[in-house]
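What you see below is based on every heavy atom in this structure, not just the backbone, and it leaves out hydrogens, waters and symmetry mates. First the proteins, then the strands, lettered A, B, ... as listed; each starts at 1. Keep in mind the model is a prediction, meaning the values are calculated, not measured.
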Amino acid sequence: MSIAKTYNPADVEAKWYQRWQEQGFFKAKANPLKTPYSVVIPPPNVTGVLHMGHMLNNTIQDVLVRRARMQGKEACWVPGTDHASIATEAKVVALLKERGIEKKDLTREQFLEHAWEWKEKYGGIILEQLKKLGASCDWDRTRFTMEPELTEAVLRVFVDLHQKGLIYRGIRMVNWDPQGGTAVSDEEVVAKDTMAKMYHLRYEVVADSAQQAPQFMTVATSRPETIMADVAVAVNPNDSRYTHLHGAKVRIPLLGREIPVILDEYVSIEFGTGALKVTPAHDLNDYELGLKHNLPVIDILNNDGSLNEKAELYVGQDRFAARRNIVKDLEAAGLLDKVEEYASVLQTSERTGAVIEPRLSLQWFLKMEHLAKPALAAVESDEIKLHPPKFKNMYRVWMENVHDWCISRQLWWGQRIPAFYLPDGTYVVALNAEEALKLAREKSGNQELQVSDLRQDEDVLDTWFSSWLWPISVFDGFKDPDNADVNYFYPTNDLVTAPEILFFWVARMIMAGLEYRREVPFRNVYLTGIVRDDQGRKMSKQLGNSPDPLDLIATYGADGVRTGMLFSSPAGNDLLYDVKLVEQGRNFTNKLWNAFRLTKGWEVDAALPFANAKAVEWFSAKLNTTLAELDEHFDKFRMSDALMTIYKLVWDDFCSFYLEMVKPAYQAPIDPETLRYTTSFLETLLKLLHPFMPFITEEIWHELAERGPKDYVCVAAWPKPQSVSGAPELLSRMEKALEIVAGVRNIRNQKGLGPNKPLTLAAKTDDGTLLQDYDGVIRKLAALSEVTLVETAPAASVSFVTGGTEYFVPLEGQIDLGAEKVRLEKELEYANGFRESVLKKLSNEKFVQNAKPDVLERERHKLADAEAKIATLQQSLNSL
RNA sequence: GGGAGAUUAGCUCAGCUGGUUCAGAGCAUCUGCCUUACAAGCAGAGGGUCACUGGUUCGAACCCAGUAUCUCCCA
């Protein structure tokens, strides 16, 4: 039988994924006999494709879920997608445009038909990609935030919150995305630092009499096109420069409309010219100033960011075109004083990238105060733990300063707001038109009203208004609040997501969970970092610095990519992606493969006695100690540490030491006992590795032995640490033995002797038990023909000291006495220095008085060891 | 402008309540090896004033204060 020298993932990954599905291992159902463990996926955009962030995020989820499954829990990972209203609608609009169709030429129904068609065609690609990664989701549970059941949940919640008086409609300053043609929430606005221009404009002061020479006041603005919406100029009452203008009026440049000069301490005397143009319709602060001073509001913007007829000038031009033109005209009219560059912050839309225009509009809002309070308490009390905990601070600050949530969007793709307007302009809120009609008849007292008399609100709800219900709605907790699934799987256990959406999504899920089930939606929130390139830049399409995850999987194998991504991604830390990481991951799979290949190739001779008791006993101790460490890492959500712990256990302890200890000579057979132990160790390692590397572990599991129909490592029991008697002693003795091995190997290296040149070793010690017990191990790993005890140093030998004992490797004719002397003197010098430092500590009375007894004891030991070592070295030197 | 966090080896990070020679890991580096499981490998080695300056303490990477730099969040 021949096994490939390198592991070939492409051959096995699809096979095992299919088999797991056929076996139904990923399916979960309420089972009172088992402990539930559930995770809901952060639903990716339905039209999205897998990127590196998804890879990291979903690998972590899969590790958690697979481990829980092996621990015998009823593991349930619910997959699904998000309808992502702005992003998807923008994509559909762009697609239609390519085909020569403008959105404005379509009816709502026609547009939605196109959108659904597109969703059916491209939607869910990302879920297929997740299968390539090995994600063990219960695919039968796949949900979509805009499917009928989930839409119903959204509408029910809207109606309920409206009844509770938490949803209201009002005119507010909103963040307007002119490209998306919709309002967006505060959380969807991204601030970008830029250099902006500050234009100093001259406003003519309205003269008392026509005879006076015209006077001007200079007002600075970064958005000169908004002067047509000005309703006042404000100055600080304490600003002596403007005292003469108190009560005056000024003319808007070019337009000539007269507006008052008002006084308010809000105006900063230092900033700009100390005079502030007041534009209530297009700036939040100005709006509040306007309210205070009872000023009118003039909105000069259309939905698409162009100027409307209220502007009077530049009507129909985009705001940026209008800005260029008005600057030109102002300059020509001599009304532009100067232009300065200054560092400013540009507000942009997260979804479309367009520059946000603050704008007054009529929107739906959800009051947050009532919802935020318990949601804050849940995190403060650690009922929900954030990993890493540093995010707790951020969470608190945000929750204490939360604003009402603007939940309406001027889009078509999404859940339409269930508000129905009566002919008189009032409205009712109801789940559907029939219910609305009932309410409308009651409200108006008009029994003649028909459904056709009612007009439903045109807006849809913010996407997050459906995703905040996700942990409940995926278990049908709104439709049927007492169903077995939701009772069993809710609250879920862990949520894995990006810190960017801590407020968008995580905080709101906590609110919804507490409001609708009186229980938090999850216990742990694991916040991943952002995947960046090796220069620390965010991965982006524009930069082209993001590898295609599917190419990576094809090249390095899903297991290699998964482990590569987890090698260096502690919670909350950004992952600097480097192809070296996935190479390391791939190399690790190959290492494991070859360990398997070695053991698989052994022939057994049943007559042979058990020859490797020391190795087996040691590795058993090592394995069980590591197991406990591993569980601790997992419990603390230290995924990289958990992986690294297994990595070293497999590579260093199992492959480099254990297998080398028990490996028979070339083509020699192995004893049955050793093979039995070795196979069992390997099986345990496969189990530990499975959550990280599901495919290769399943492949080896089945290659290693004939397996029953349900015997998969995927559902094998997670190993529990067994107590091994005398484990610390076993570990430290083997460690000492391996130090001797390293000493010999070092000499081989220094002297340029090959790894196999037969050598002998002599030790000068009274206590030969270690050498005796580990004789086989030391001889084999260091390739020694003989280990002896001596009383004096053999002639012509190289020596080393470890564990207070001096060892000699006789090397006739190859010794450079001078070099050897120098080496020994150096070592002696170091040992003396060490002795001095310990002595100094011990002769410090205060230390002796204050230090804890065990610390003191340790120092005394160190001193004794050092002195013994010095004596040995001195002797060797003398004998040279 | 307000707040939070960080600064440890070339890189990415550990280092729990101060105490095993002023520190660990992985990767990278260097040296030597095609030693029949693996060159996607083996063996060995080197590499750090724990950002800086003070303070507390018998003792500080760890506690305190200040300085510098960086990152993130909010305005």
Side-chain angles (χ1 to χ4, degrees), chain A residues 3-7 186 191 284-285 345 347 388-398 400-401 499-500 502-503 529-530 534 536 556 560 567-570 572-578 580-581 583-602 632-633 636 638 640-641 643-645 647-648 651-652 655-656 659-660 663 665-667 741-757 781-783 830-831 833-838 840-852 854-859 861-863 865-866:
Chain A
I3 306 169
K5 202 169 163 180
T6 50
Y7 169 62
D186 292 345
L284 182 57
N285 296 314
V345 188
Q347 308 289 340
K390 68 174 177 184
F391 286 105
K392 216 168 145 176
N393 279 324
M394 266 171 62
Y395 182 85
R396 183 190 316 112
V397 170
W398 191 78
E400 282 171 351
N401 299 293
E500 298 132 75
L502 188 58
F503 309 127
I530 296 165
D534 53 1
Y556 297 97
F567 274 130
S568 180
S569 27
N573 278 36
D574 288 354
L575 166 65
L576 298 193
Y577 172 80
D578 191 310
K580 277 176 187 155
L581 289 171
E583 274 174 16
Q584 192 186 349
R586 187 263 323 257
N587 293 354
F588 186 36
T589 57
N590 198 47
K591 186 71 186 175
L592 182 67
W593 181 253
N594 275 287
F596 151 69
R597 205 159 72 93
L598 175 67
T599 61
K600 187 71 183 174
W602 285 338
E632 202 183 320
H633 284 315
K636 290 182 177 163
R638 301 170 143 185
S640 292
D641 290 326
L643 173 59
M644 193 45 71
T645 302
Y647 180 83
K648 286 193 278 193
W651 201 305
D652 300 340
C655 294
S656 295
L659 287 180
E660 291 299 330
K663 184 163 105 178
Y666 181 52
Q667 287 189 331
V741 171
V744 177
R745 283 172 169 177
N746 194 5
I747 287 173
R748 282 184 188 277
N749 258 305
Q750 281 173 2
K751 300 292 169 196
L753 311 167
N756 288 327
K757 182 184 168 65
L781 295 198
Y830 181 80
F834 177 53
R835 177 173 164 273
E836 286 300 312
S837 80
V838 180
K840 203 172 135 195
K841 224 181 204 181
L842 281 171
S843 59
N844 181 339
E845 270 178 47
K846 287 185 175 166
F847 171 72
V848 179
Q849 276 166 19
N850 294 320
K852 278 179 244 156
D854 58 317
V855 174
L856 205 58
E857 188 56 29
R858 215 153 39 203
E859 291 300 318
H861 255 291
K862 284 198 295 195
L863 184 65
D865 284 354

Scan nucleotides 2-8 of chain B nucleotide by nucleotide, 5' to 3', and note B when protein non-hydrogen atoms come under 4.0 Å of the base, S if they reach only the sugar-phosphate, - if neither.
--SS---
Does the protein touch nucleotides 24-36 of chain B at the base, only the backbone, or not at all? Give it as B, S and - per nucleotide, heavy atoms under 4.0 Å.
-SSS-------BB
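For the salt bridge (charged side-chain N to carboxylate O under 4.0 Å, His left out) test, no residue two or more places apart in sequence or in another chain qualifies with A/Asp652. Taking A/Tyr577 as the reference, nothing meets the ring pair (Phe, Tyr, Trp, His ring centres under 6.0 Å) condition, with sequence neighbours excluded. Shown here are the ring pair (Phe, Tyr, Trp, His ring centres under 6.0 Å) partners of A/Tyr395, two or more places apart in sequence or in another chain: there are none. With sequence neighbours left out, A/Lys392 forms a salt bridge (charged side-chain N to carboxylate O under 4.0 Å, His left out) with A/Asp382. Qualifying salt bridge (charged side-chain N to carboxylate O under 4.0 Å, His left out) partners for A/Lys636, counting only residues two or more places apart in sequence or in other chains: A/Glu632. Evaluation of the side-chain contact (heavy atoms from CB on, under 4.5 Å) rule for A/Leu581 yields A/Phe567, A/Leu575, A/Gln584 as partners, not counting sequence neighbours. Applying the ring pair (Phe, Tyr, Trp, His ring centres under 6.0 Å) test to A/Phe588 and every residue at least two apart in sequence or in another chain returns A/Tyr647. The side-chain contact (heavy atoms from CB on, under 4.5 Å) check on A/Ala783 picks up A/Arg748, with sequence neighbours excluded. Scanning for side-chain contact (heavy atoms from CB on, under 4.5 Å) contacts around A/Leu598 gives A/Trp602, A/Leu659, A/Lys663, with sequence neighbours left out.
Contact between the side-chain N/O atoms of A/Ser656 and the OP1/OP2 oxygens of B/A43 is found at a separation under 4.0 Å. Distances shorter than 4.0 Å separate none of the side-chain N or O atoms of A/Arg586 from OP1 or OP2 on B/A40.
With P as the reference atom, B/G47 and B/A40 are 29 Å apart, rounded to whole Å. Rounded to whole Å, the separation between the C1' atoms of B/A14 and B/A25 comes to 7 Å.
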Please convert RNA chain B into dot-bracket. A pair counts if it is Watson-Crick or G-U wobble with both distances under 3.5 Å; crossing pairs go in [ ] and bases paired with another strand get |.
(((((((..((((.....[....)))).(((((.......))))).....(((((..]....)))))))))))).
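For a distance-only test at 3.5 Å, the side chain of A/Glu660 fails to qualify as a donor-acceptor partner of the base of B/A43.
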